[in-house]
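Let me begin by presenting the structure, written as structure tokens, before commenting on it.
In what follows, every heavy atom counts, from backbone to side chain, and hydrogens, waters and symmetry copies are set aside.
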Amino acid sequence: MIQLEQVSKTFRGSRQPAVDRITLRVKQGDICVLVGPSGCGKTTLLRMINRLVEPDDGMITVDGRSIAQMDPPTLRRTIGYVIQQVGLLPHRTIAQNIALVPELLKWPREKTARRVAALLEMMDLDPGEVGHKYPHQLSGGQAQRVGVARALAADPPIMLMDEPFAAVDPIVRVRLQDQLLRLQQTMQKTICFVTHDINEAIKLGDHLVVLKAGRMVQSGTPLDILTQPENDFVLRLLGDDRGVKILDQTRAETLMDPFADAAAQAAANGHRVQAIDPVKIALERMMLMNTDEITVCEGARPVGLLRWNAIKAHVHRISGGAS
Ligand SMILES: Nc1ncnc2c1ncn2[C@@H]1O[C@H](COP(=O)(O)OP(=O)(O)OP(=O)(O)O)[C@@H](O)[C@H]1O
Ligand SMILES: [Mg+2]
């Protein structure tokens, strides 16, 4: 677990703090997303966690130990860092780039080679084809995946990821996000992820931290923030399609009427969604099938009925009755 307690940083020569009294906690195995406009202090905050920037004030602990007491190189070996501009070394091959930390740790050559190949495969890159290339020979999406592979090389428990997918087109970006979520299911890293894209934040984050001018404006689960935006700044950040985003973050089971008895269950209609599917999916299916109710199932078992009216009432309620 990573904990920040009233952490501040003002760069020499600036009047405004880049990071201003931030307190936050990133739980083990969680993806915490820092989101906010350019210049709000995201990178600075991230770089204080691996001591590339030293705070003026406050305290940062990892698993209860103050990082100020740790030797920075030792600390950094437990923290993978994907930097904002990928930052692959141009004169080293992809394999050599990924092997940077294992070499620093003096891993045997064989073990390093195996690890590099495994990481490239994990990132859907062909080790035989990509390993011996140089960074300029890769596409933007490939280079970003190599950046992630390099950060994962020594299997650090913590990952700091600074806009790792910013430089690729929207389609590749969605693929990289899906891949990260898939990997995270088995890796269970503690991840601090920076983005200025609210959709990316909502999709990836277990927990979001909204920043503005160095200050924390709001923090909570994506659904917390979507349903209870703290102020107009957060509301604007969430965008005009907040209602749709909420339906994408709400599980069908939360709005269904559970079946009271076996008879009701048996009468369940043919259109189905899973209990854990987003309401947005249910809604799409209802529109396509031209029906105003759909059966919610756990596996094959019908557990309730989701009605169009319940969805409508929910959206109306959370949007505060606004248009
Ligand atoms: N090394 C530095 N020296 C002086 N000022 C800095 C330094 N690094 C960052 N700043 C300033 O601190 C503030 C926060 O910068 P930071 O890079 O953390 O923002 P950011 O949220 O990551 O922005 P972006 O989304 O553009 O990457 C900015 O006003 C920036 O100009
Ligand atoms: Mg930045």
Side-chain angles (χ1 to χ4, degrees), residues 29 31 33 42-43 46-47 49-52 71-195 197 200 203-204:
I31 302 183
V33 179
K42 304 181 294 295
T43 297
L46 216 55
R47 288 164 68 87
I49 297 172
N50 62 8
R51 293 193 61 187
L52 289 168
D71 162 51
T74 313
L75 173 72
R76 277 173 218 145
R77 262 173 237 144
T78 67
I79 302 181
Y81 182 32
V82 185
I83 67 170
Q84 199 163 355
Q85 297 84 11
V86 186
L88 299 178
L89 300 175
H91 303 299
R92 291 179 64 123
T93 65
I94 298 308
Q96 289 167 342
N97 264 284
I98 297 174
L100 230 55
V101 175
E103 277 174 15
L104 218 65
L105 296 173
K106 302 201 168 24
W107 284 17
R109 193 177 291 190
E110 265 299 292
K111 181 181 172 189
T112 302
R114 274 201 309 274
R115 180 71 181 153
V116 168
L119 282 164
L120 283 169
E121 266 166 26
M122 200 154 106
M123 293 288 142
D124 287 331
L125 297 166
D126 180 348
E129 190 190 322
V130 172
H132 62 269
K133 284 191 171 170
Y134 288 87
H136 75 272
Q137 296 171 303
L138 300 187
S139 72
Q142 288 172 329
Q144 296 213 299
R145 275 178 281 169
V146 173
V148 174
R150 182 178 56 179
L152 284 169
D155 203 18
I158 294 173
M159 291 280 283
L160 307 178
M161 307 180 80
D162 197 347
E163 311 220 21
F165 311 141
V168 292
D169 67 69
I171 294 170
V172 175
R173 190 167 188 168
V174 166
R175 266 215 319 268
L176 294 178
Q177 291 164 350
D178 291 339
Q179 189 178 39
L180 177 69
L181 286 176
R182 222 171 34 243
L183 287 175
Q184 174 66 355
Q185 284 180 354
T186 49
M187 295 188 311
Q188 293 288 306
K189 305 276 181 203
T190 303
I191 300 178
C192 247
F193 189 104
V194 162
T195 183
D197 175 350
E200 184 165 77
K203 177 171 174 181
L204 297 180

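Asp126 CG to Lys133 NZ: the interatomic distance, rounded to the nearest 0.5 Å, is 9.5 Å. Interatomic distance, CG of Leu152 versus CG of Leu119, reported as 6.0 Å (0.5 Å rounding). Once rounded to the nearest 0.5 Å, the distance linking CD of Gln188 with CG of Leu183 reads 11.5 Å. In this structure, Leu104 CG and Leu100 CG are separated by 7.0 Å, a value rounded to the nearest 0.5 Å. To the nearest 0.5 angstrom, Ile98 atom CD1 is 11.0 Å from Arg92 atom CZ. With rounding to the nearest 0.5 angstrom, the CD1 atom of Ile191 is 10.0 Å from the CG atom of Leu160.
Side-chain atoms of Lys42 and Glu163, non-hydrogen and from C-beta on, do get closer than 4.5 Å to each other. Contact check for Leu52 versus Tyr81: side-chain heavy atoms found under the 4.5 Å cut-off. The closest side-chain heavy-atom distance from Val174 to Lys203 is below 4.5 Å. Counting heavy atoms from C-beta on, the side chains of Phe193 and Pro164 come closer than 4.5 Å. Between His132 and Ile94, the closest side-chain pair of non-hydrogen atoms is not below 4.5 Å. Side-chain contact between Val116 and Pro127: absent, with no pair of heavy atoms (C-beta onward) separated by less than 4.5 Å. Counting heavy atoms from C-beta on, the side chains of Val101 and Arg150 never come closer than 4.5 Å. At a threshold of 4.5 Å between non-hydrogen side-chain atoms, the residues Met187 and Met159 do not count as touching.
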Carefully, step by step, assess Arg76 and Asp71 under the rule salt bridge (charged side-chain N to carboxylate O under 4.0 Å, His left out).
CA-CA 9 Å; Arg76 277 173 218 145; Asp71 162 51; over 6 Å; no
Pair Asp162, Arg47 - check salt bridge (charged side-chain N to carboxylate O under 4.0 Å, His left out), show working.
CA-CA 9 Å; Asp162 197 347; Arg47 288 164 68 87; over 6 Å; no
I would like to know whether Glu110 and Arg115 meet salt bridge (charged side-chain N to carboxylate O under 4.0 Å, His left out); could you show each step before the answer?
CA-CA 9 Å; Glu110 265 299 292; Arg115 180 71 181 153; over 6 Å; no
Given Met123 and Gln142, is the side chain to side chain contact (heavy atoms under 4.5 Å, CB included) satisfied, shown in steps?
CA-CA 9 Å; Met123 293 288 142; Gln142 288 172 329; over 6 Å; no
Evaluate side chain to side chain contact (heavy atoms under 4.5 Å, CB included) for Val146 paired with Leu88, printing each intermediate quantity in order.
CA-CA 8 Å; Val146 173; Leu88 299 178; 3.8 Å; yes
Candidate pair Leu46 and Met161, rule side chain to side chain contact (heavy atoms under 4.5 Å, CB included), full reasoning
CA-CA 8 Å; Leu46 216 55; Met161 307 180 80; over 6 Å; no
Evaluate the criterion salt bridge (charged side-chain N to carboxylate O under 4.0 Å, His left out) for residue pair Asp124 and Arg175; output intermediate values, then yes/no.
CA-CA 11 Å; Asp124 287 331; Arg175 266 215 319 268; over 6 Å; no
Run the numbers on Val82 and Phe165 for side chain to side chain contact (heavy atoms under 4.5 Å, CB included), then give the verdict.
CA-CA 10 Å; Val82 185; Phe165 311 141; over 6 Å; no
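Across all non-hydrogen atoms, the minimal contact from Pro135 to Pro90 is CD-O, 3.7 Å. Taking both residues in full, the closest heavy atoms of Gly140 and Val168 are given as C-CG1, 3.5 Å, listed atom of the first, atom of the second, then distance. Between Thr78 and Pro157 the shortest heavy-atom distance is O-CD, 3.2 Å. Heavy atoms only, all atoms of each residue included: Leu204 and Leu181 are closest at CD2-CG, 3.6 Å. Considering every non-hydrogen atom in both Gln184 and Gly29, the closest pair reads NE2-O, 3.1 Å. Here the closest heavy-atom approach between residue Ala99 and residue Thr112 is recorded as CB-CG2, 3.5 Å.
Between Asp155 and Lys189 there is a salt bridge, since a side-chain N of the basic residue sits under 4.0 Å from a carboxylate O of the acidic one.
Between the side chain of Gln144 and the backbone N or O of Gly141 there is no donor-acceptor pair closer than 3.5 Å. Remark: side-chain polar atoms of Gln96 are paired, donor with acceptor, to backbone N or O of Thr93 under 3.5 angstrom.
Residues Glu200 and Thr195 bring a donor and an acceptor atom of their side chains to less than 3.5 Å of each other.
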